[in-house]
Structure formats: C-alpha cells, structure tokens
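Remarks on the structure that follows.
Lettering of chains follows the sequences in order, A, B, ..., and the numbering in each one begins at 1. What's counted below: heavy atoms across the whole structure, side chains too, no hydrogens, waters or symmetry copies. Since the model is a prediction, treat every value here as computed from it, not as a measurement.
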Protein chains: 2
Amino acid sequence: MAGKRATINDVASLAGVSIATASKALNGRQDVRAATRERVLAAAAQLSFQPNALARGLLSGQTRTVGLLTSDSVGRFGIPVLLGAEDAFGAGEMAVLLCDARGDAIREQHHLRALLSRRVDGLIVVGESTDPRPSVSKDLPIPVVYAYAPSEDPGDVSFVPDDVGAARTAVGHLLALGRRRIAHITGPSHYKAARDREEGVRSALAEAGVAQAGQTLWGAWSQRWGRHAAEMLLMSEPSIDAVFCGSDQIAAGFVEAARERGRRVPDDIAVIGYDNWEVLSTETRPALTTVDMKLETLGRTAAQHLFAAMDGKATPGIHKMPCELIIRDSTRGTAYLWARLRAGSVTCGTCHVRNRCVFVRRLRAVTPHPASAHAAPFSARWRSRRGGYASGRCGGRCPGARRPCG
Amino acid sequence: MAGKRATINDVASLAGVSIATASKALNGRQDVRAATRERVLAAAAQLSFQPNALARGLLSGQTRTVGLLTSDSVGRFGIPVLLGAEDAFGAGEMAVLLCDARGDAIREQHHLRALLSRRVDGLIVVGESTDPRPSVSKDLPIPVVYAYAPSEDPGDVSFVPDDVGAARTAVGHLLALGRRRIAHITGPSHYKAARDREEGVRSALAEAGVAQAGQTLWGAWSQRWGRHAAEMLLMSEPSIDAVFCGSDQIAAGFVEAARERGRRVPDDIAVIGYDNWEVLSTETRPALTTVDMKLETLGRTAAQHLFAAMDGKATPGIHKMPCELIIRDSTRGTAYLWARLRAGSVTCGTCHVRNRCVFVRRLRAVTPHPASAHAAPFSARWRSRRGGYASGRCGGRCPGARRPCG
DNA sequence: CTCCTGGACTTAAAGGTTTTCGGAAACGTA
DNA sequence: TACGTTTCCGAAAACCTTTAAGTCCAGGAG
C-alpha cells in the first residue's frame with residue numbers, strides 16, 4: 001500500500017505547468033509543445049499518476065461501465081454468456097459490474113437501482129432458461145439487452161439460441177444417417193426450451209414424412225431421468241434406432257441404461273444430446289454427438305449489440321442465434337457427414353476446426369460413402385497406444401486446431 | 001428510456017429548498033423539519049431521483065466497489081469462489097467489478113490499472129489452481145486478498161483449501177472402513193494440489209502404519225486417465241480394496257473401468273473422488289464419496305476478510321480452509337460412519353443435513369455396526385417406485401433439508 | 001430590553017478532471 | 001511602430017454531492 005494517490009494537480013505542479021496543460025498533454029491533445037508534453041508525461045510517470053475515472057465520468061456523463069444482471073449465475077447457462085460478454089467488453093476499455101439477483105425480483109430491483117446510481121452506460125440481463133422474463137427496460141435511461149432469456153416486451157433487444165432450428169438439424173442428421181425409428185426424450189414441459197426442441201423434432205420428422213417412434217417423453221434434465229426413460233422406451237418401443245435427448249445428461253443416462261440392456265451405441269441406436277457440456281459429451285463413451293448453443297458467442301453478440309444500442313442503433317426484437325451440431329461417436333456414420341462436407345459445414349467434434357480434421361480430409365479422398373471411414377485413419381497400433389479410445393480423433397495433426405486432438 | 005436524469009438540484013428546487021437541505025433530508029440526517037423532509041422525499045420520488053454514486057465517491061473517496069480479478073474464470077474453481085464473494089458483497093451495498101485476465105500477465109496489469117483508476121476499495125484475486133502466483137499487491141493503495149491461488153508473498157492475505165488435511169480425512173475414512181490395500185491415483189505432479197493431496201495420503205497411511213498399495217499414479221485430471229490408471233493398477237496390484245482419486249473425473253473413470261474388469265464398487269473396491277463436481281459425483285453409479293472444497297465458503301470468507309482489511313484489520317498469511325468429506329455410496333460401509341456419528345459430524349451426502357438423514361437416524365437406532373444399514377430404511381416397493389436408484393437416499397423426509405432427497 | 005440558545009435552513013468549499021475561452025508571447029507584414 | 005496571426009498556456013466553469021460553517025429567527029432567561 002502506498003500513500004496518497006497523485007492527482008493531475010500534483011503532476012502539473014511537478015511539471016511546472018497548469019492543470020489544464022497537464023490534462024491536454026496527458027490526453028494527447030493539440031496546443032501543447034512537444035517539450036512540455038514530455039515534461040508532463042515524465043512527471044505523471046514519476047508519480048505513477050492514474051486519472052480518476054470518477055471525476056472523468058462525472059464530467060463526461062459516461063462511465064465506460066456496463067452492468068451484467070444475472071438471475072442465476074449458478075446455472076450452467078449464465079456463465080458462458082457472461083464470459084462472452086466480458087470478453088467483448090474487455091476488448092475495449094469497458095468494465096463489467098456483476099450482479100446476481102438469484103432469481104429474486106426484489107433483489108433484482110435493488111441491484112438495478114445500484115447499477116443506475118453508479119451510472120452504468122448499459123445493461124445486459126442474462127437469464128437461466130429460455131423462458132421469457134419480465135422486462136426491466138421500462139423508463140430506464142440506458143439501453144438494455146437480454147441474453148438467453150428474452151424479455152416479454154418485443155420492443156426490447158433479446159438474444160436466444162435457436163432451439164427449434166437446432167432440434168431440426170439434429171433430427172435431420174439422424175435421418176441422413178438412415179435412421180427411421182427416432183424417439184425423443186426431453187426435460188420438463190414447462191420449459192420453453194423443451195417445447196421448442198420438441199417443435200423442431202416434429203417439424204423435421206413431418207418434413208421427411210417419418211413418424212416419431214413413440215410419444216415424446218417429458219421428464220427432468222437429469223441423467224437419472226435419462227436412465228429411467230431409456231428403460232421405459234426400450235420396453236415400449238424396442239425397435240428404435242435413434243434417440244434425440246433434450247440434454248447431455250439425459251443422453252448420458254440413456255446410453256448407460258441402453259448398454260446395460262444390451263443395445264450398442266451407435267451401432268444399434270444413435271444418440272444425440274444437447275448443450276455440449278464437455279465433461280459429459282466428450283468424456284462419456286462413446287463421445288456424444290450434441291448441440292452446442294454457442295453461448296459465449298451469444299453473450300459476445302449481445303454485448304456488441306449493447307454497444308450499438310449505446311450509439312443509438314438499437315435492433316429491437318428476439319434474435320435467434322444459430323446453434324451448431326457437434327458430431328461425435330454416438331452417431332458415427334458417414335452418409336450425413338458426406339452431405340455436410342459438400343455443403344462445407346462439417347466441424348470436427350474434437351478440435352473444432354471446420355473441414356480440416358484428418359478424418360474429414362481422408363473421407364473426402366477415399367470414397368463418397370465409405371462404410372466405416374470414421375476410425376479408418378488410425379492404425380491399430382496408434383489406437384492401442386492411446387488406450388484404445390482414439391477412434392474418431394484426428395491425432396493432433398489438424399492445422400490451426402485449438403488443442404491437440406486425441 | 002427516459003430523458004435527462006434528475007439531480008439533487010432538481011429535487012431541491014422542486015421542493016423549494018436548498019440542495020444542502022435536500023441532501024440532509026434524503027440522507028436522513030438531523031436539522032430538517034419533518035414537513036420539509038416530507039416535501040423533499042416527495043419531490044425525489046416524483047423525479048425518480050437516483051443519487052450519483054460518482055459524485056458521492058469523488059467526495060468521500062470510497063466507491064463501495066471491489067474488483068474481482070480472475071486469471072481464468074472458465075475454470076471450474078474460479079466460479080464458485082466468485083459467487084461466494086459476490087454473495088458476501090451483495091449482502092452489503094458493495095458492487096463487484098469483474099475482470100478476467102485469461103492467464104495473461106499483460107492483460108492482468110491492464111485490468112489492474114483499470115480497476116485502480118476506477119478507485120475500487122479493494123481487490124480479490126482468484127486463481128485457477130492452488131499453485132502460488134505472483135503478488136500484485138506491491139505498492140497498491142488498496143487491500144488485496146487472494147483466493148484459491150495464494151500469493152507468493154507471505155505478507156499478503158491468501159485463502160486456499162486444505163488439500164493435505166482433506167486427503168488425510170479421506171484416507172482416514174477408508175482406513176476406518178477396514179480397507180488396508182489403498183491406492184492413490186491423481187493428476188499431474190506439477191500441480192501443487194496433486195502434491196499436497198499425496199502428502200495427506202502418505203501422512204494418513206504412515207500414521208496408521210499401513211503401506212500404500214503400489215506407487216502413486218500421476219497423470220491427468222481426466223476421466224480417460226482414470227480409466228487408464230485403473231487398468232494399470234488392477235494389473236499390477238490386483239489386491240487393492242480402496243482407491244483415493246485426485247478428482248471426480250479420475251474417480252468416475254476408475255469406477256467405469258473397474259466395473260468392466262468385474263470389480264464391484266464399493267463391495268470390492270471403495271472409491272473416493274475429489275471436488276464434489278455434482279454432475280459427476282451424484283450422477284454416476286454408485287454416487288461418489290468425495291471431498292468438497294467448499295469453494296463458495298472460501299470465496300465468502302475471502303470477501304469478508306477483504307472487508308476487514310479495508311478497515312485496516314488485515315490478517316496476513318496463507319489461510320487453509322477446511323474441506324468436507326461428502327460420504328456417498330462409493331464407500332458404503334457403516335463402521336466409519338458410526339464413529340463419525342459419535343463425533344457428531346456426519347453429513348448426508350444427498351440432502352447436506354448433519355445427523356438428520358433418516359439413514360443416519362436409523363443407523364443410530366438399530367445397532368452399533370449394522371452390516372448393510374445403508375439401504376435398509378427403504379422398502380423394496382419404495383425403491384422400485386423410484387426406478388431402483390434410491391439406495392442411500394433418505395426419501396425426502398429429512399427435516400430442514402435443502403432439497404428433497406431421492 | 002438585551003443576551004443566549006437552539007432549531008431550521010443556506011452558503012460555499014471541496015473532491016479531480018475536462019473543456020472553453022481568453023491572454024500572452026512570438027513572429028511576420030505593412 | 002502598429003497590427004494580425006499563430007502557438008502555447010492558464011483561469012475558471014462545469015459535473016454532483018456532502019458537509020462545515022454561517023445566517024436567521026423565535027423564544028426563553030436575566
């Protein structure tokens with residue numbers, strides 16, 4: 001801890017100029033001789049002067065600070081959004097004031113007042129589910145953007161994942177693999193996310209003229225429900241060859257129970273999860289094909305639009321952000337991959353590089369529909385060195401991969 | 001969005017008093033007639049006046065804001081600490097300014113300057129591992145507290161989990177269960193956390209005069225390493241009856257591989273994890289006995305000590321925070337529980353209530369050493385209604401339980 | 001009557017910075 | 001010398017709130 005903090009006054013007197021000149025020199029403005037500026041800068045460095053953001057903000061009316069109001073940051077969904085937003089802001093000179101209301105409206109009002117009194121330049125409200133939430137923007141002197149949970153007021157700016165589209169893509173993937181007996185297990189029906197995904201499933205199946213295998217099973221988001229549902233489903237619909245699950249937890253439970261019942265994944269039943277919660281999706285065997293909601297991107301986009309709104313360029317409405325299907329071993333099969341490859345939109349589920357994975361390149365080189373190209377690029381020796389868990393990995397040779405695969 | 005924000009000046013003139021009187025009325029101070037105060041308050045409400053925290057802070061020199069500097073909030077460990085801290089601050093009128101340096105020292109310096117220029121009253125630095133990190137507190141005009149990762153400077157205030165003690169407790173639990181062939185699988189040896197836990201294991205075993213089964217296996221924190229290590233260990237030390245794992249991921253991998261090799265958990269081998277990462281520890285079968293580092297408590301404590309430090313009551317040094325062993329099915333066995341019960345420190349792994357779980361009460365009532373009391377309170381019918389996964393749950397009847405069990 | 005007391009209110013300063021405007025000096029031109 | 005222009009710098013206002021100090025007045029005591 002040092003003593004008193006230096007003010008521009010101290011800098012000015014040390015440099016032998018007035019505070020006005022010091023201010024101009026420090027802020028790189030005109031009307032200061034080079035030699036004088038030099039002197040001021042030297043004095044500032046000597047005193048390790050830090051301009052007082054409070055005084056500056058008081059004068060300019062801008063604090064270069066935004067509020068991040070979350071209703072439940074314990075939830076897994078708020079965090080990535082928060083990080084994406086922090087990322088976008090941090091790139092500039094913005095700071096983030098974090099408030100967690102814990103789902104309590106009173107506490108939310110309290111935090112809102114605190115943020116307002118701190119004169120934040122903008123506000124991001126991030127929710128814990130995709131169900132619409134009450135607007136806070138009424139009569140607020142600053143722009144507000146909603147992330148993950150949209151505002152009930154369509155005049156507000158909201159960003160949500162496109163659950164309907166993602167479910168449609170997922171089911172399309174199963175159909176392209178040739179699966180025709182497709183079941184759907186999901187969470188509680190009072191979640192809009194569950195209902196939206198169900199809508200996507202229905203629409204994709206209807207479009208293909210395929211009937212759903214059994215009824216949609218509504219339950220919880222948990223692994224336990226996945227196991228339970230698997231038992232019920234395998235009893236009532238023994239002929240299913242694919243399942244779309246509303247969460248990775250459900251999918252992990254399903255895979256476990258199915259295996260115990262003697263069904264192989266993906267050979268007998270292809271399984272798709274949701275959320276790309278990596279501890280589950282990449283660590284279970286087989287690794288789960290799953291929907292990644294790109295929540296960090298969503299948060300970043302929300303932050304960028306908040307910037308735009310602070311410049312007066314608001315874009316009202318509920319913006320649906322595209323999700324991405326991450327294809328892994330639980331839907332191994334190449335027909336669909338091949339089609340996506342032509343369209344140029346295959347992403348390696350491990351290294352996250354588009355069209356670069358050795359696996360995909362090999363696939364392109366060999367044949368339009370190789371029967372089991374997925375594990376092909378890897379020699380038995382290489383696989384055994386890796387403990388046998390390497391199938392579908394690209395062996396770390398992807399150029400530009402974020403992390404080595406395998 | 002409303003127009004211009006009201007200042008205390010507007011309030012004063014609307015109420016027909018001077019700004020000094022308005023300030024006094026608003027802040028509930030003496031020397032204001034009741035009727036006048038009434039008038040001012042009404043005016044403030046009418047204009048929805050929010051005092052400008054900037055101006056207030058400029059004058060008082062206190063912003064009632066603290067900085068939270070994290071080196072990697074993506075890590076699982078930073079988040080709970082952050083939440084605990086936010087919790088402690090939010091209870092007062094403090095706000096939290098969040099900065100994520102992403103492990104980059106340059107960026108950290110940048111954020112530090114930004115926080116300083118915003119005149120935060122204090123700073124919490126939270127790290128992503130328990131390895132000591134460089135101090136930032138040199139010549140800082142504000143108090144700093146380190147959470148999870150301690151500062152290299154022993155003169156700073158740091159809070160870290162007591163990894164040594166937790167490992168000792170965990171191994172003590174295994175010994176009390178009668179296990180004598182105890183192995184240890186953990187993460188990379190360049191992690192202080194791994195080395196500390198190893199020290200705890202060694203000390204507990206030495207104290208009991210029991211030799212460790214095989215060498216400590218150092219690897220990664222991943223599920224894959226758990227599987228791999230299990231294969232190696234079951235080959236080289238087939239007689240093991242317990243394993244202490246450095247993380248829940250390792251433990252989950254171990255359980256999976258052990259089961260495939262025909263070993264039952266916990267009957268043949270008792271398994272303990274670390275972190276109490278609930279998606280793994282409660283959802284795997286059997287649910288994992290594991291060490292909970294109480295990171296939220298750690299964060300809260302750090303925040304409280306920051307308050308104290310802001311009052312000049314700093315408590316330098318590295319404070320080791322106690323961890324808690326959460327006993328679940330993967331070490332099912334009652335001898336040890338019974339001993340802990342006498343000491344009054346058994347916590348139900350599901351509902352987190354001390355000594356209240358039906359299981360524990362039943363245990364107390366029946367016999368000092370029931371052979372299989374764990375599943376006893378549950379009728380076969382109740383279990384089948386629950387899908388058979390209910391063993392060890394208390395059936396939701398715990399008084400004061402945070403959430404229904406089972 | 002004066003003096004004192006205390007209550008109710010106002011004035012003014014302070015806090016640190018930015019910005020506008022005016023002043024002074026230097027220089028060139030008539 | 002007189003005057004205009006350019007360059008550099010300083011004085012002061014502004015931002016909004018809090019607070020110490022001061023004013024004013026009514027009422028009580030002497």
Side-chain angles (χ1 to χ4, degrees), chain A residues 3-41 43-44 47-65 93 113-114 116-121 141, chain B residues 3-41 43-44 47-65 93 113-114 116-121 141:
Chain A
K4 201 75 187 59
R5 288 192 246 230
T7 73
I8 199 172
N9 221 320
D10 306 328
V11 174
S13 53
L14 180 59
V17 296
S18 74
I19 52 171
T21 304
S23 171
K24 277 181 268 193
L26 256 15
N27 294 318
R29 296 187 16 157
Q30 302 291 64
D31 296 347
V32 183
R33 216 176 358 166
T36 313
R37 164 160 303 151
E38 198 73 17
R39 249 189 10 261
V40 172
L41 257 33
L47 299 172
S48 64
F49 165 72
Q50 294 275 7
N52 187 327
L54 270 62
R56 189 179 276 179
L58 185 60
L59 200 54
S60 70
Q62 289 204 358
T63 53
R64 309 188 69 70
T65 305
E93 297 284 299
R113 263 199 301 279
L116 247 32
S117 119
R118 283 190 161 79
R119 295 298 188 266
V120 293
D121 294 335
Chain B
K4 200 73 188 61
R5 290 193 242 234
T7 73
I8 198 172
N9 220 320
D10 306 328
V11 174
S13 52
L14 180 59
V17 296
S18 74
I19 52 173
T21 305
S23 172
K24 276 182 266 192
L26 256 14
N27 294 321
R29 295 187 19 161
Q30 301 290 66
D31 296 348
V32 183
R33 221 175 354 168
T36 312
R37 182 182 310 261
E38 198 75 16
R39 258 201 347 273
V40 172
L41 257 33
L47 299 171
S48 66
F49 166 72
Q50 294 277 4
N52 187 327
L54 270 61
R56 191 180 274 180
L58 185 60
L59 199 55
S60 71
Q62 288 202 1
T63 54
R64 309 187 71 67
T65 306
E93 296 285 297
R113 262 199 301 278
L116 247 31
S117 116
R118 283 190 161 78
R119 295 298 188 268
V120 292
D121 292 337

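Rounded to whole angstrom, the span from the CG atom of A/Leu58 across to the C1' atom of D/dT18 amounts to 13 Å. Distance, A/Arg119 CZ to D/dC16 P: 8 Å, rounded to whole Å. Per the geometry, CD belonging to B/Glu38 stands 13 Å off P belonging to C/dC9, to the nearest Å. The distance from atom CG of B/Asp10 to atom C1' of D/dC16 is 11 Å, rounded to the nearest whole Å. Counting to the nearest Å, the C1' atom of C/dC9 and the CD1 atom of B/Ile8 are 14 Å from each other. In this structure, A/Arg56 places its CZ atom 18 Å from P of D/dC16, rounding to the nearest Å. Rounded to an integer number of Å, the gap from A/Leu54 CG to D/dT18 P is 14 Å.
For the residue pair B/Thr63 and B/Arg119, the shortest heavy atom distance occurs at OG1-O, 2.7 Å. Shortest non-hydrogen contact noted between B/Val17 and B/Arg39 is CG1-NH2, 3.4 Å. B/Ile8 and B/Ala22 get closest at one heavy-atom pair: CG1-CB, 4.0 Å. Residues A/Asp10 and A/Ser13 come closest through the heavy atom pair O-OG, 3.1 Å.
Listed pair A/Asn9 / C/dT17 fails the phosphate criterion, with no side-chain N or O lying under 4.0 Å from OP1 or OP2. An OP1 or OP2 oxygen of D/dT18 is reached within less than 4.0 angstrom by a side-chain nitrogen or oxygen of B/Asn27.
Between the side chain of B/Ser23 and the backbone N or O of B/Ile19 there is no donor-acceptor pair closer than 3.5 Å. Counting only distance, with no hydrogens or angles, the side chain of B/Asn27 and the backbone of B/Arg29 share no donor-acceptor pair below 3.5 Å.
For A/Thr65 and B/Arg118, the side-chain atoms include at least one donor-acceptor pair closer than 3.5 Å.
When heavy atoms are screened at a 4.0 angstrom cut-off, A/Gln62 is found touching no nucleic acid atom at all. Looking at heavy-atom distances under 4.0 Å, B/Arg29 makes contact with sugar-phosphate atoms alone, never a base. Residue-level contact check: B/Ser23 touches the bases, meaning some heavy atom is under 4.0 Å from a base atom.
Looking at A/Asn52 and B/Leu58, their side chains come closer than 4.5 Å, going by heavy atoms from C-beta outward.
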Can you name the atoms? Protein N/O to nucleotides 23-26 of chain C N/O, anything below 3.5 Å, with the distance.
none

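Atom-to-atom distance recorded for B/Lys24:NZ and B/Arg37:CZ is 10.5 Å, nearest 0.5 angstrom.
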| remark: Per-nt protein contacts along nucleotides 9-14 of chain D (heavy atom under 4.0 Å; B base, S backbone sugar-phosphate only, - none) come out as BBB--B
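Counting only heavy atoms from C-beta on, B/Ala55 has its side chain closest to C/dG15 among C/dT17, D/dT18, C/dG15.
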